[in-house]
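These numbers come from a predicted model, not from an experiment.
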Amino acid sequence: MKTPPPCGADTPAPQNTAAATVSSQPVPADEQQVAAQWDQWLAQQHLSGPNAKPDSANPVQMDHFTWYQTHGWTQPYPGENKIYAPADVPGAYIPSSDSDG
């Protein structure tokens, strides 16, 4: 009889060979500068690895990044007329919860 893993241990699921692969499309030349800014933003996030922090990335920026990447950097986020750099995403500024009083 096989002994189950200890409680709390992560056991990866087997790979689904029928799953679709993510296509890696080249970034269009006119969006390479903004895509590079997103790469820098992404490098500052703690999305995986030993220092991962769930839900720590700004959700508005993360939504935009995912949209841009999924659509090959060719389509603005719905309701917008251009692809924004991370610092320029409308609604991304979240004020600090710190207060002076």
Side-chain angles (χ1 to χ4, degrees):
M1 184 165 113
K2 188 174 179 182
T3 306
C7 185
D10 286 335
T11 304
Q15 183 175 2
N16 181 349
T17 55
T21 58
V22 176
S23 65
S24 58
Q25 302 171 6
V27 176
D30 60 336
E31 296 298 343
Q32 286 182 357
Q33 184 178 7
V34 75
Q37 291 177 49
W38 279 103
D39 285 342
Q40 291 173 352
W41 174 85
L42 189 62
Q44 300 301 313
Q45 308 309 306
H46 302 284
L47 304 178
S48 64
N51 297 319
K53 295 178 186 173
D55 302 325
S56 64
N58 179 300
V60 176
Q61 288 171 313
M62 196 71 209
D63 285 348
H64 279 70
F65 173 72
T66 303
W67 175 269
Y68 298 152
Q69 192 176 47
T70 302
H71 291 88
W73 301 92
T74 60
Q75 294 182 26
Y77 192 78
E80 297 174 355
N81 60 3
K82 71 176 199 170
I83 294 177
Y84 287 98
D88 300 327
V89 169
Y93 174 73
I94 299 175
S96 171
S97 61
D98 295 341
S99 64
D100 291 342

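Listed for the Trp67 side chain is a donor-acceptor partner under 3.5 Å among the backbone atoms of Gln75. For the pair Gln61 (side chain) and Pro86 (backbone), a donor-acceptor distance under 3.5 Å is present.
Taking OH of Tyr68 as the start and OH of Tyr84 as the end, the distance is 7.5 Å to the nearest 0.5 Å. Interatomic distance, NE2 of His64 versus CD of Gln69, reported as 14.5 Å (0.5 Å rounding).
For Ala85, the side-chain contact (heavy atoms from CB on, under 4.5 Å) partners are Val34, Gln37, Asp88, not counting sequence neighbours. Considering only residues two or more places apart in sequence or on other chains, Gln32 meets the side-chain contact (heavy atoms from CB on, under 4.5 Å) condition with Val27. Applying the side-chain contact (heavy atoms from CB on, under 4.5 Å) criterion to Thr66, with sequence neighbours excluded, gives Met62, Thr70.
Looking at heavy atoms from C-beta onward, Phe65 lies out of side-chain contact with Val60 at the 4.5 angstrom threshold.
In this structure, Gly72 and Pro28 approach most closely via the heavy-atom pair O-CD, 3.4 Å.
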